[in-house]
Amino acid sequence: MSKNGFLSQIIFNYLLAAIFIWFAIDFVSTSGWGFFTILCVLIATNDFVRGTKMLQIFIQISKNNKSN
């Protein structure tokens, strides 16, 4: 995978997390805590954690490439 493709996947994960957080906030404001709200929060958490882990790997790879 290229560096740009990896970076775009990280951005995509953070974007999805933001969208699902927005959905969760909207669901809570209209109908309270329910199944879909909790599902949106879980999906947003998964996307955020996945994006953060990928960002950490990307930073480590970038540091190793600069030192070599």
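- With sequence neighbours excluded, the residues satisfying side-chain contact (heavy atoms from CB on, under 4.5 Å) with Ser62 are Lys3, Phe58.
- Hydrophobic cluster membership of Phe12, counting Ile, Leu, Val, Met, Phe, Trp and Tyr whose side-chain heavy atoms lie under 4.5 Å apart directly or via other members: Leu15, Leu16, Ile19, Phe20, Trp22, Phe23, Phe27, Phe35, Phe36, Leu39, Ile43.
- The heavy-atom pair separating Cys40 from Ala24 by the smallest distance is CB-CB, 4.0 Å.
- Within the structure, the side-chain hydrogen bond (donor to acceptor under 3.5 Å, both in side chains) test picks out no pair touching residues 31-47 (sequence neighbours left out).
- Note that the CD1 atom of Ile59 and the CG atom of Leu55 stand 4.0 Å from one another [nearest 0.5 Å].
- Cluster partners of Ile25 are Ile21, counting Ile, Leu, Val, Met, Phe, Trp and Tyr whose side-chain heavy atoms approach within less than 4.5 Å, directly or via other members.
- When the side chain to side chain donor-acceptor pair (under 3.5 Å) test is applied to Thr52, the partners found at least two apart in sequence or on another chain are Tyr14.
- Annotation: the span from Asn4 atom CG to Leu7 atom CG amounts to 7.0 Å, rounded to 0.5 Å.
- Shown here are the side-chain contact (heavy atoms from CB on, under 4.5 Å) partners of Ile61, two or more places apart in sequence or in another chain: Ile57, Asn65.
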